[in-house]
Protein chains: 2
Amino acid sequence: MASVRGGSRDKPPSIVDVAQHAGVSTATVSRALAAPEQVRPALRERVEMAVRDLGYRPNAAAQRLRGRRSRLILVVTLTRWSAPFFAEVLNGIDSELAANGYAMILGNLDLDRRQDGHLVDMMQSGRFDGVLALAGVANAANGHELKEPGLPLVSICSEIQGTPSVLTDEGESIVEAAEHLFGIGHRHFVYLSGPATNFSDRSRWDALKAYFEAKKDECRLDRIEGDFTPRSGAAAAERFLASLERPTAVLSSSDEMAIAFMKVAKHAGVHVPGDVSVCGFDGIDFADYCEPTLTTIRQPRFELGRTGAYRLLQIIAGHSEVDAGRTVLRNTLCLRDSTGRAPRHG
Amino acid sequence: MASVRGGSRDKPPSIVDVAQHAGVSTATVSRALAAPEQVRPALRERVEMAVRDLGYRPNAAAQRLRGRRSRLILVVTLTRWSAPFFAEVLNGIDSELAANGYAMILGNLDLDRRQDGHLVDMMQSGRFDGVLALAGVANAANGHELKEPGLPLVSICSEIQGTPSVLTDEGESIVEAAEHLFGIGHRHFVYLSGPATNFSDRSRWDALKAYFEAKKDECRLDRIEGDFTPRSGAAAAERFLASLERPTAVLSSSDEMAIAFMKVAKHAGVHVPGDVSVCGFDGIDFADYCEPTLTTIRQPRFELGRTGAYRLLQIIAGHSEVDAGRTVLRNTLCLRDSTGRAPRHG
DNA sequence: CTGTTAGCGCTTTCAC
DNA sequence: GTGAAAGCGCTAACAG
């Protein structure tokens with residue numbers, strides 16, 4: 001009787017079909033798949049054969065309905081994410097999730113359109129076992145909204161009150177960069193910021209301000225507002241060029257801004273690093289291909305993703321429930337050609 | 001009695017809770033949500049109020065089990081995807097899907113580890129309404145595997161026999177670039193390829209070969225094997241530098257390779273475009289920030305994603321079932337500083 | 001060890 | 001219009 005898989009393209013086989021095919025009950029099929037050691041080898045093999053013959057796959061929706069994990073993680077990102085940065089974070093997330101049989105849903109949050117409702121809907125649809133919030137999606141405004149649905153939640157590159165997060169030592173590392181530049185003679189700095197509401201930006205700016213506060217007699221720190229994009233880096237360069245007293249050192253909040261800044265500066269005849277030193281942030285691949293190559297603070301992007309996913313899975317598994325603290329990864333200062341000694345009279 | 005939402009953090013409210021709260025049957029709740037016009041306004045309002053009060057969201061798993069669409073699309077990508085290129089394709093996909101209430105799962109296919117099984121498992125788990133296969137995941141080897149599960153399938157930037165696909169006019173556009181370079185005096189070309197099994201690479205190479213076949217008396221076309229990555233672009237540059245007769249025009253299969261090529265060439269004292277003209281492919285943002293700015297063939301990345309998602313949704317909706325053909329989008333040749341007249345004696 | 005059975009939460013006939 | 005009830009496919013008691 002053993003009918004082979006082929007033929008009917010209509011409906012996928014269910015556990016009942018397998019049970020009949022193997023001449024056992026559905027419970028045995030279920031067990032043979034989920035807990036093989038509880039089933040006598042003879043039966044187990046018959047089940048396995050039936051499964052192969054029919055090309056059976058458990059229906060995930062039914063499993064989920066019956067109380068099982070969905071093995072789906074919602075990853076919330078912003079519509080306008082920095083591809084070079086987040087793509088690698090996503091890779092890290094995916095790597096850890098896949099290794100544990102999980103998959104990720106990408107939920108792009110369009111802040112412009114404020115359709116947060118859609119997001120909360122998704123979170124409450126019972127589809128996911130947990131949520132990973134990438135930098136920028138969580139701000140003061142919606143932090144509680146994300147927590148509300150009661151799903152396990154970990155944020156990466158930002159922090160939501162009372163929620164575990166994975167961060168880097170942004171403050172320390174940008175101060176390290178400033179210190180290096182100070183050491184080679186720079187006294188007039190400008191910080192190209194990200195959006196003021198951004199968690200990372202605040203951490204960096206606060207650290208920088210504190211550092212220069214102690215040096216306020218000998219140093220000057222300006223700030224030009226940006227939003228991480230090349231476009232805003234170019235705009236910052238225009239303002240830089242127009243300023244009466246030009247800073248000699250630029251600390252940019254993203255590599256993309258820094259690279260655009262350099263392009264515009266060079267076109268205007270300003271030499272990097274001869275006239276102005278530029279330091280980026282993130283350590284994207286292209287920082288090593290621009291002209292001049294960009295000194296930058298490299299963030300462990302893959303690790304950020306991997307660690308965030310790891311922590312989330314721990315929480316889902318029931319370990320470390322209470323652990324709502326931060327995990328802080330270390331950045332690396334990469335010195336390249338875009339920074340050098342300050343010009344004579346800065 | 002009307003208990004307010006708060007309090008119990010234990011279990012989300014079900015349709016039964018809503019029905020009780022509103023004093024109606026579950027059927028009415030279901031209808032009030034899915035087909036409001038079938039329910040008398042008075043009842044409808046009571047239901048809506050109960051929904052709000054309890055913070056009710058339909059359980060997606062149960063809906064799916066009962067036969068509804070899951071509104072989930074599986075997007076299959078390669079582990080090693082080119083971030084600058086695909087991130088924008090993903091944006092296009094997400095944009096179209098979100099507009100129609102769909103979400104996307106990112107399924108990274110790790111070709112190195114050949115865990116295609118995992119992928120097929122997912123496709124057969126009944127979780128998804130359709131599949132989008134991005135460039136490279138579909139090759140001769142696994143094309144049929146992807147079709148097998150019988151899910152609606154559209155491939156983007158590659159083609160699977162008998163499956164709808166969204167492509168660009170890669171062949172025509174790279175020939176257009178070649179023609180332009182020919183027009184400004186170049187006679188010795190080299191093509192920096194992608195992986196030989198890659199669909200795009202084949203299209204481009206075949207078109208290029210055909211074009212130069214007709215010019216074989218006056219032109220020479222070499223080929224250096226790469227894989228789209230900067231790394232392989234740098235390696236290609238080494239081979240270029242080592243060659244006895246250096247080509248004067250480079251047609252690269254990706255911008256990333258082209259940019260890395262230029263970097264290595266410049267370091268070796270070869271001037272771009274003075275000694276060699278370089279043309280990239282894709283039109284990533286950085287092509288406009290490198291030194292010199294890169295002439296390239298811009299692919300409509302966002303549109304590729306948007307169109308692929310659109311076609312998939314059409315199929316899922318039951319329209320255009322038979323339509324297994326290709327949709328071909330047009331590329332644009334962007335002339336910038338990395339190309340110029342051929343040097344005197346090429 | 002294995003089979004029987006009762007739902008998980010929802011939609012959808014089928015009666016009323 | 002609305003309600004009662006039958007499952008969708010699966011798993012987890014509970015018996016045997």
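Since this is a predicted model, take the numbers as computed values, not measurements. Protein chains get the first letters and strands the later ones, always in sequence-line order, with residue 1 at the start of each.
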Does A/Arg57 get its side chain close enough to the base of D/dG9, under 3.5 Å, for a donor-acceptor pair?
->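 Between D/dG9 and A/Arg57, which were checked side chain against base, a qualifying N/O pair under 3.5 Å is absent.
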Just wondering, do [Y] and [X] contact through their side chains at under 4.5 Å, heavy atoms?
{"X": "B/Phe85", "Y": "B/Arg301", "value": "yes"}
{"X": "A/Ile15", "Y": "A/Pro58", "value": "no"}
{"X": "B/Leu134", "Y": "B/Ile93", "value": "yes"}

Find which nucleotide of DNA chain D each of A/Ala62 and B/Gly23 is nearest to by heavy atoms, and output the residue with the more 5' nucleotide.
->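 Nearest-nucleotide comparison on DNA chain D picks B/Gly23.
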[X] side chain N/O closer than 4.0 Å to the phosphate oxygens (OP1, OP2) of [N]?
{"X": "B/Thr26", "N": "C/dC10", "answer": "no"}
{"X": "A/Thr28", "N": "C/dG3", "answer": "yes"}
{"X": "A/Gln63", "N": "D/dT11", "answer": "yes"}
{"X": "A/Arg40", "N": "C/dT2", "answer": "yes"}
{"X": "A/Arg68", "N": "D/dC10", "answer": "no"}
{"X": "A/Ser14", "N": "D/dG9", "answer": "no"}

May I ask you to say what [X] touches in the nucleic acid, namely base, sugar-phosphate or nothing, with a heavy-atom cut-off under 4.0 Å?
{"X": "B/Val39", "value": "sugar-phosphate"}
{"X": "A/Val24", "value": "sugar-phosphate"}
{"X": "B/Arg31", "value": "base"}

A/Arg66 side chain: which of C/dT11, C/dT2, C/dG7 is closest?
->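 Nearest nucleotide to the side chain: C/dG7.
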B/Ala27, nearest nucleotide to its side chain (from C/dG9, C/dG3, D/dA4) =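 That would be D/dA4.
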I need the [atom1]-[atom2] distance between [X] and [N], as an integer number of Å.
{"X": "B/Ile15", "N": "C/dG9", "atom1": "CD1", "atom2": "C1'", "answer": "8 Å"}
{"X": "A/Arg127", "N": "C/dG9", "atom1": "CZ", "atom2": "P", "answer": "17 Å"}
{"X": "B/Arg69", "N": "C/dT12", "atom1": "CZ", "atom2": "P", "answer": "12 Å"}
{"X": "A/Gln20", "N": "C/dG3", "atom1": "CD", "atom2": "C1'", "answer": "14 Å"}
{"X": "B/Arg64", "N": "D/dC10", "atom1": "CZ", "atom2": "C1'", "answer": "15 Å"}
{"X": "B/Asp17", "N": "C/dC8", "atom1": "CG", "atom2": "P", "answer": "11 Å"}
{"X": "B/Gln38", "N": "C/dT11", "atom1": "CD", "atom2": "P", "answer": "13 Å"}
{"X": "A/Leu65", "N": "C/dC8", "atom1": "CG", "atom2": "C1'", "answer": "4 Å"}

Ion pair check, A/Asp129 and A/Arg64, cut-off under 4.0 Å |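 The answer is yes: the pair qualifies as a salt bridge.
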How far does OG1 of A/Thr77 sit from CD1 of A/Ile156, to the nearest 0.5 angstrom?
->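 Here the rounded value is 11.5 Å.
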Should the heavy atoms of other residues, nucleotides or ligands under 6.0 Å from CD of A/Gln161 be counted, would the total exceed 12?
->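 Not buried by this count: 12 neighbours or fewer within 6.0 Å.
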